[in-house]
Amino acid sequence: MKPISYARATDIASAVATVSADPTRAFLAGGTTEIDLLRQGVVTPSGLVDINELPLKQIESLPDGGLRIGALARMSEVAEASDVVERFPVIAQALVFGASAQLRHMASMGGNLLQRVRCSYFRDVSSPCNKREPGSGCAALDGINRGHAILGTSDQCIATHPSDVAVALVALDALVHVTGPNGKRTIPIDDFFLLPGATPHREHPLSHGELIVAIEVPALPLARQSLYLKIRDRSSYEFALVSVAVALQLDGNVIRDVHLALGGIATKPWRARRAEHILLGAEAQRANFLRAAHEELIGAAPRKYNTFKVELAERTIVRALEMITTMGGRA
Ligand SMILES: Cc1cc2nc3c(=O)[nH]c(=O)nc-3n(C[C@H](O)[C@H](O)[C@H](O)COP(=O)(O)OP(=O)(O)OC[C@H]3O[C@@H](n4cnc5c(N)ncnc54)[C@H](O)[C@@H]3O)c2cc1C
Ligand code: SF4
């Protein structure tokens, strides 16, 4: 057994300094991803820096109407916060439909963004996997790829990004605030998740030792009219086959504004900009929803076992748009 050092950080500066000082140290939040991977031998840190005592748990409404979520706020706390439920329902729903009640109590928001893929070959250290071991190959390309991505794939990796709430946050143009050895910076969430390309081991733009301190959701009036629709093999405790986060505002029956993002089918939480472009200014009717969904999936590259995801994604987009427009979506 390999020994691992453990330290409990009491302030942000020392947490950052301790992890930055050694490339083999890692932050530990709820541990629901990190400890699993450690047990499976997928990650092999020499030391863990527990960040749970840092003052990063607050969920605050901002004066301009936005929302700031501390990186250590638990998924369950955010899902239940009245401000989130009322003004950003898509976030609350994406959280409630994720994992299990026990996991949601443990799992932090920062850790959620940085959770690792659920590809079974990634988690089996005897399989080739470019993400775990660059240059070793990708067992999923010609393997069991039913759960894998059809958008944003490369010939190096086709793993789906697993987070639900990240899809909602991408739809709402959230910002990720980080603090690192070189100071603070803010990253728009759509830039926070990287496509695999030729470097699937690089999943985000953080450098070693950078700590997520908060997630900020801007004051978008249409966020009140939003929902998260998740399709999965069973109705709880399961990752998405396809999911849709949508926020929409109508003017009469015309779509005045729409934000749409997809989960379960892409290598990063997928902002559906092609579909948004078709929907903006269009009548809120099924024919336009079908056209938008079809256009978004035009670039899909399914593999042997996941071709069904193309039609399932189109149908789920249409259903989510029908649900949100039936609910109101009125200015
Ligand atoms: C059985 C199971 C089912 C699940 N189902 C779902 C689901 O349906 N939907 C879904 O979205 N998720 C699901 N999850 C994933 C779960 O939501 C994540 O494991 C969890 O959110 C990770 O948060 P954590 O605090 O436990 O992170 P940890 O495990 O502590 O950390 C995860 C990673 O992030 C790093 N890290 C943590 N916090 C920070 C920070 N503030 N700054 C920088 N780095 C940090 C750690 O070093 C580590 O690399 C499931 C997990 C399990 C085990
Ligand atoms: S899909 Fe990605 S994570 Fe899965 S085996 Fe291939 S390279 Fe690894």
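Since the structure is predicted, the reported quantities are computational estimates derived from the model, not experimental observations. Counting starts at 1 for both ligands and their atoms, in listed order.
Metal site remark for atom 2 (Fe) of ligand 2: C138 contributes no N, O or S atom at a distance under 2.8 Å.
When heavy-atom distances to ligand 2 are checked against a 4.0 Å cut-off, R132 has no atom that comes that close, whether in backbone or side chain.
Proximity to K230 (heavy-atom distance under 4.0 Å) selects the following atoms of ligand 1: 8 (O). Counting atoms of ligand 1 from 1 in the listed order, those under 4.0 Å from a heavy atom of L103 are 1 (C), 2 (C), 3 (C), 52 (C), 53 (C). Atoms of ligand 2 found under 4.0 Å from any heavy atom of K131, numbered from 1 in the order shown, are 3 (S), 7 (S). Remark: ligand 2 atoms within the under-4.0 Å shell around heavy atoms of Q156 are 7 (S). Listed by number with element, the atoms of ligand 1 under 4.0 Å from a non-hydrogen atom of E210 are 43 (C). Within ligand 1, counting atoms from 1 as listed, the ones closer than 4.0 Å to a heavy atom of Y237 are 1 (C). For ligand 2, the atoms closer than 4.0 angstrom to any heavy atom of F122 are 3 (S). Residue A29 approaches ligand 1 through these ligand atoms, each under 4.0 Å from one of its heavy atoms: 25 (O), 30 (O), 37 (C), 38 (N). If you number the atoms of ligand 1 from 1 as listed, the ones under 4.0 Å from a heavy atom of D36 come out as 53 (C). Remark: ligand 1 atoms within the under-4.0 Å shell around heavy atoms of G98 are 7 (C), 8 (O), 9 (N). For ligand 1, the atoms lying closer than 4.0 Å to a non-hydrogen atom of N112 are 11 (O), 17 (O), 21 (O), 22 (C), 23 (O).
Using 4.0 Å as the threshold, M75 has a heavy atom nearer than that to some atom of ligand 1. Using a 4.0 Å cutoff on heavy atoms, Q102 does not count as a contact of ligand 1. Residue-ligand proximity: E238 is placed with a non-hydrogen atom under 4.0 Å from ligand 1. A heavy-atom separation below 4.0 Å is not found between L206 and ligand 1.
For atom 8 (Fe) of ligand 2, the nearest non-hydrogen atom of the protein is C129 SG, 2.3 Å. Of the protein's non-hydrogen atoms, Q115 NE2, 3.3 Å is the one closest to atom 12 (N) of ligand 1. For atom 49 (O) of ligand 1, the nearest non-hydrogen atom of the protein is E34 OE1, 3.1 Å. The protein heavy-atom contact nearest to atom 39 (C) of ligand 1 is I51 CD1, 4.0 Å. When only non-hydrogen protein atoms are considered, atom 42 (N) of ligand 1 lies nearest to I212 N, 2.8 Å. Scanning the protein heavy atoms around atom 4 (Fe) of ligand 2, the nearest turns out to be C119 SG, 2.4 Å. Atom 46 (C) of ligand 1 has its closest protein heavy atom at F27 O, 3.1 Å. At the shortest separation from atom 7 (C) of ligand 1 among protein heavy atoms lies A99 N, 3.1 Å. The nearest protein atom to atom 2 (Fe) of ligand 2, hydrogens excluded, is given as C157 SG, 2.4 Å; this is a heavy-atom distance. Of all protein heavy atoms, the one closest to atom 24 (P) of ligand 1 is G30 N, 3.5 Å.
Contact of the L297 side chain with the I150 side chain is registered, since non-hydrogen atoms from C-beta on lie closer than 4.5 Å. Counting only heavy atoms from C-beta outward, the side chains of E34 and P45 approach each other to under 4.5 Å. For the pair H259 and E276, the minimum side-chain heavy-atom distance is below 4.5 Å. You'll find the side chain of V318 reaches within 4.5 Å of the side chain of R286, heavy atoms only. Counting only heavy atoms from C-beta outward, the side chains of L175 and I187 never approach each other to under 4.5 Å.
Between R25 and H208, the side chains place no donor N or O within less than 3.5 Å of an acceptor N or O (distance only, hydrogens not considered).
Between T33 and ligand 1, at least one pair of N/O atoms sits closer than 3.5 Å. Considering backbone and side-chain N/O of G31, one or more are found under 3.5 Å from N/O of ligand 1.
When the heavy-atom distances from atom 34 (O) of ligand 1 to V16, V49, L114 are ranked, the shortest goes to L114. The residue from G111, G70, S108, A166 that puts a heavy atom closest to atom 25 (O) of ligand 1 is S108.
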